[in-house]
Structures are given as structure tokens and as C-alpha cells.
Protein chains: 2
Amino acid sequence: MVTNPGRRKRATIHDVALEAGVSRGTVSRVVNDEPYVSAEARIAIEAAIEKVGYVPNTAARNLVMQRSQAIGFIVHEPHSLFLEDPNIGEILLGANAALSLADFQMVCLIIDSERDTDRVARYLSGGFVDGVIVVSARKNDPITRIIEKLGLPSTFVGHPPDLRQLPFVGIDNRSSARAITERLLATGRTRVGMIASALDRDSGADRLAGFTDALGPLFDPALVARVPFYAYADGVAGMRALLAAEPGLDGVFAASDAVAAGALEALREAGRSVPGDVGVVGFDDSAWALRCQPLLSTVHQPAAGLGERAAESVLAQLRGEEPELGGILLTTPIVWRDSA
Amino acid sequence: MVTNPGRRKRATIHDVALEAGVSRGTVSRVVNDEPYVSAEARIAIEAAIEKVGYVPNTAARNLVMQRSQAIGFIVHEPHSLFLEDPNIGEILLGANAALSLADFQMVCLIIDSERDTDRVARYLSGGFVDGVIVVSARKNDPITRIIEKLGLPSTFVGHPPDLRQLPFVGIDNRSSARAITERLLATGRTRVGMIASALDRDSGADRLAGFTDALGPLFDPALVARVPFYAYADGVAGMRALLAAEPGLDGVFAASDAVAAGALEALREAGRSVPGDVGVVGFDDSAWALRCQPLLSTVHQPAAGLGERAAESVLAQLRGEEPELGGILLTTPIVWRDSA
DNA sequence: ACTTACTCTGTGTACGTTCACAGATCGGCC
DNA sequence: GGCCGATCTGTGAACGTACACAGAGTAAGT
């Protein structure tokens, strides 16, 4: 073998058959746990497998079976995701756990450039995976088009791209935001504001809508600070703006934990105590929440659960089941700590 | 096809040949960009490929070529890694970039349980990948054994497991620690201590050794606080211990950025100003470094570079080149900010 | 005219597996 | 004894590709 000088040739099913003194068919039956094999043949074959160190060749098996027993996990724009969003790791683990249980192999594909897009497209078309889980697809994503064209079973984590009818798993940002705001109001706060991030994304807009729902007639647009991103710096800026608009503020809902952390910094700077003067709540239950002083009350994102459900959804499609039309929304428990 | 009801049958090289009115061989030559194809045949075949929507079947190609054009990226203990270590994402991206350039597909394999180990082992044995990059292998890792047994080209990121002679890519913790300590001393500090973490790991022990190197005759064992982990809480505890041992301390080298962040908290608590009273430096240049107040001076871990070099090392082995015996050590620039 | 080289094309075989089918053996039952 | 079903085994396809080889055609050099 010229291409791989150091690799010794692998044992095939034929070698096992020869060693055990039976035919390929019988060996295949033993390997795949099928009935109609005599006890003595089974024992001889198992011994032969052990002796020659036989491992089935997956390429050959895939070729004839027309499946790969693997599911792709596609991550787009990893720079921002890996650095900002600790959830991606959890989603990945959740998906891996569910696939593992079904004896499927997860294959994690990173798209980081134009070049990657083409290669991943080829990879998907090449029959390497039986289905895909897509995290953070963009609008007009060529990968999305290819998945549709191939008819590849797929489930998206987060909101579905464009307006296509593709199965997805997500959380209900709106009712979660409403719930934590109501919980904050229940502590007796009367002037509650929000630092609203990323209003150009579904998640950001929905969190603001939930906040509005919770306040009802009490809602005051002057108590909403609009900031571009979910980041720490946005929290600092947003909080300063809110304090300037309403010094008597006694509660704040921050659109993310990082934003909440920034808000805490601005409050400290302004000499307000938390939760004494102002109650603060966040969203995500990320690492930030435990890094804050005081510990943050927040909405828990069931990241592992999202991955798990996405995996199950793909597997269900593989079994021929129809995916839920409206997508799957997971519940988001409130984690009440010290900041409110 | 019973297993995949919705999938329409894929076009094969045969369909293309029929459509273009040539033979399989000629189509194969066009697909693989080989010479000795007439212009008209090439045009007809390209049109036919477009028309029938042909994509090469990777399983079939792998079977006959005895390779997969894919490299595995194995991550062990992802829980701790994804949560504690932001570097893993960078390493992944660096490796992906290098593999992408060589037109290899990266396949990311997560090992999260016993079950995963077995499945990944089967996956590797199944010829799905031509080589592997291993991040954070443990001692006596069954995966390591399997890699050795298969003779699979591999490169480890970080220190090599056990005492085996396997290629690896890492950083020189010792000289990096020495360099940043010397830089701290150069600011005129005279009583410099260290919070030393994870002395049971190579990285932790080496960082302490580098610190000792830098101080030379000035080294005072009383100014080393030993803490178990690289975490924030360890930094708080370590700093308190150091201040108790030597109130006149004017510089600290923390074994990681998280530890440094904890140290800053303890210093604030004790009423010391940074960098006025005490200069603080960390290690890693992780997200912590920019989250600290003041911004942390630290050692930059070239995480993307580690991934890149690991990928290149595996590709070199695939070309039949001998791997460097002592492993590859990358340089670690010092990032000087405000904390010292 | 005859070799020689080069260009282009089609065919057969191999890769390692699964599956359908055809036999073979055996026991029980009418 | 003949028939049937159950159990067990071997054989020949097929999956879709790459590669070696043979052969045809063309052009140039001797």
C-alpha cells in the first residue's frame, strides 16, 4: 500500500472465514448478531475474530447499506459562538449523549470560511452522514440549501433560518422573559427597567416583548435601554442610561447574564446596592451568573436539553416519523440567587 | 430503499457515463482532474454531471482508495474543557483552518462517557479517518492505546500522555513563566510572590519552575502559595495566604488568568491598589484577562497556533515524514496591559 | 514504410461488506 | 417412506468507485 507506508493491512471478513473454516456469510451473521448460527461455528468465529484482530470496514458496510450511522453537527460562525456563547459546548454534549445512546456517531463540522462551506457541502453530499443538527444557521445559507436539496433529515437549534418549514428546537424567549420579570415584580419592585439587546434578532426582540407582557399597563418605554449586543460593555452603558433616565429605578431585567454583569458594575459605580436598592435579573444562566457579586438570579437555558432534543428529532426523522411542524420549545426554569 | 423512504436514489458515475455517451473510466478521469481527456468529452461529461446532479460517493471512493481524506479531532473530558478552558475552541478553529487548506475534513469526536470511548474506538478502527489530533488525553487512555495499535498517524495537543514517544505540540510553560516574571521584576518590584496551581500537572509544575528560574537567588519559598486548581476561588485563597505571609509584597505571578482575577479580588478586599501597591500578572490570555479591572498583563497562549501545528504535524506524517521526536513547542508572547 | 511516442477511450478487476437465494441436514408427523 | 418445516451453511450478486491494462487513433521522426 503506497499511500500509507506504515499501516499494516487490516484483516477482512474473508480472513476470519478462512481462519474459522467457514464462509463469509456465516461470519457476517455472527458479526451482526443474526440467528441461525450453530454454537460451535459462533465460538470458532469469535475466536478467529480475536486472533486476526478483525474490525468491520465501515466504508464497505456503508457502501452496501447506504447509510453511515453518523450524524453531522454543523456549527457556523464559530468565532463569536465559541467565545461569547458558552452554550454551544453544552448543546454539543447534549446532542452527543443522545446520539451515543442510539449508537450513532456525532461528527462535528465547523464552518469558518467560504472554503469550508464547499467542503462541508461535499461532505454532506458524500453520504458521510445520515442527518444533521445545525447550530446557528444564517439566512440564505448555502448549507441550508444543500440540506434541503439532498432531503437530508435535519433539525436546527435556535430559530429556523428564513421562512422555510424546517424542524427546529429552541426556547420560548418571550414567556421566559415574562416569567422572570414577573418574579422580579413579585419581590415588591415598582420601577422596573430593562436593558434590551440585539433587537434585530428574534431572541432579543422576544425578550423585550416578554418584559412588556409582564409589566402590562405599568410598562414605560422610557425604562428600556436599547443596546446592540449581549455583551458586558453593553450592560455597563445600558445601566448608566437607565439610571440617568430614572434615578428611582429599583429593578432591572438584563437581556443576558453578561449584560447583567455590566449592569452590576455600573450600579456599583453609582453607589447603589444590589439587591438592596436595585434588584437585577439576567438571562442564560451562563458562567457569568456565578462570577457576579452577588450571584445572579437568571433564566436557565437548557442548552444540553436543546442538543438532546435536536438529536432525538433527527433520529425520529430517520425512523420515518414526521417532524413537529411548529418546532419544539423547551421550558426554561428560573434560577433565583442573590441579585434580586 | 426501505431504510430511507424519502431519499431519492443518487446518481452514480455510471449514470453520468450513460448521459454523456462515454465510459466510466473517462468520467472518472474528468472527476479526478486527470489528463488525457479530449475537450469535447470533458464538456459533455461536465454537462452530464450538472444535469444528473452527480456527487461522488465517498464510501465507495474510500473503499477502493483505502483512505478517507478526514482527520479526527478527539476531545476528552469536554465538561471541564468547555467550561474552564476557552482555548479548546481556538485550537479547534486553528486545526480546522490548516486541514481546510489541505482539503481535509475535520471530524470532531467527543468522548464523554465509557460508551463514547468504545464507539470512538470503533470509529477510528473503521477507517473513517486517516489520522487524529488528540486534545487532553488522560493517562492510560484506551483511545491512546487504540491509536498506537492501529498505527494511526496522530499528534497530541499539550503534553504527551504517559511516557510514550508520540508526537505533540505544546508551549514551553517554564520559559514562558520565567519571561513574564522577569518582565514583572523589570518594573522595579522587589518582593514578588507566586500563586502556584495544579502542581500535579506538568503545566503547573513547569510554571513554578520558570518562576524560580527568574528569581534566581532572590527566590523565597515562603512567597509561594500552593493551590489545587487554576480557578478563581484558588486565586482568592492563594492571595490571602500570600498577604498573610508577607504584607510587604509588591508583585504576584498567578498561574492562570482566573487565579489572577481571584487575586485581584483579594487585593481589593485588603485595600491594596493594583498596579500601584502590587503588580499582578497572569497566564493564558483568556477571556478573564479582559474581564479584570485593571486589564490583566499576561502570557498569551497561541491556541489557534497549537491547533494549526498539530494539524500540520498529522498531515506531514500522512506524507510519510518522520515526526519531530521532542515535540513542537510554540512561543508565547507577553501581553502587557494595566495590572502590572 | 516502419517504428516510436503520445493522446485518448473502454473494459475488467478489486476494494469489503450485506443480502437474497439455493442447498444441505435433521427431526417430527401423517 | 415421504413430506414439511426449521435450522444452518455457502455462493453469487450488488454497492460505486479507482486503477491497470489493452487497444485505437494520430503525428512525427527515421
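By convention in this document, chain letters (A, B, ...) are assigned in the order of the sequence lines, proteins followed by strands, and residues within each chain are numbered from 1. What's counted below: heavy atoms across the whole structure, side chains too, no hydrogens, waters or symmetry copies.
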DNA chain D: 5'-proximal contact among B/Ala60 and A/Glu40 (nearest heavy atom):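 The residue mapped nearer the 5' terminus is A/Glu40.
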
For [X], answer base if it contacts any base atom (sugar-phosphate contacts may also be present), sugar-phosphate if it contacts only those atoms, and nothing otherwise; contact means non-hydrogen atoms under 4.0 Å.
X	value
B/Val31	nothing
B/Val64	base
B/Ala41	sugar-phosphate
B/Pro35	nothing
A/Asn32	sugar-phosphate

Derivation and outcome, side-chain contact (heavy atoms from CB on, under 4.5 Å), residues B/Leu124 and B/Val129: CA-CA 6 Å; B/Leu124 296 182; B/Val129 295; 3.6 Å; yes

Short side-chain N/O contact to [N] OP1/OP2 from [X], under 4.0 Å:
X	N	answer
A/Ser38	D/dC8	no
A/Thr26	D/dG10	yes
A/Tyr54	C/dT17	yes
A/Ser23	D/dG10	yes
B/Ser28	D/dT17	no

[N] [atom2] sits how many Å from [X] [atom1], rounded?
X	N	atom1	atom2	value
A/Ile45	C/dT17	CD1	C1'	15 Å
A/Met65	D/dA14	CE	P	19 Å
A/Leu18	D/dG10	CG	P	12 Å
B/Glu34	D/dT17	CD	P	14 Å
A/Asn57	D/dG16	CG	P	17 Å
B/His14	D/dA18	NE2	C1'	15 Å
B/Leu63	C/dT13	CG	P	18 Å
A/Arg61	C/dT17	CZ	C1'	8 Å

Closest to the A/Val22 side chain, choosing from C/dT17, D/dG10, D/dT7: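 Closest nucleotide among those given: D/dG10.
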
Proximity to the side chain of A/Tyr36 - top-ranked nucleotide from D/dA18, D/dT7, D/dG12: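 From the listed options, D/dT7 comes nearest.
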
Donor/acceptor link under 3.5 angstrom from A/Arg24 side chain onto base of C/dT18: yes

5′-ward residue of the pair A/Ala11/A/Arg29 relative to DNA chain C: A/Ala11

Heavy-atom closest pair, residues A/Arg10 and A/Asp15: O-OD2, 4.2 Å

Test side-chain hydrogen bond (donor to acceptor under 3.5 Å, both in side chains) applied to A/Thr155 and A/Gln317, A/Arg309, A/Glu312, the passing residue: A/Gln317

Under-4.0 Å salt bridge between A/Arg145 and A/Glu148: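 Not counted as a salt bridge, because no side-chain N and carboxylate O are separated by less than 4.0 Å.
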
Exam field: side chain B/Gln69 to backbone B/Gln105, donor-acceptor pair closer than 3.5 Å: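 Pair absent, no side-chain N/O of B/Gln69 close to backbone of B/Gln105.
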
B/Asp130 side chain vs B/Ile71 backbone, donor-acceptor pair below 3.5 Å: no

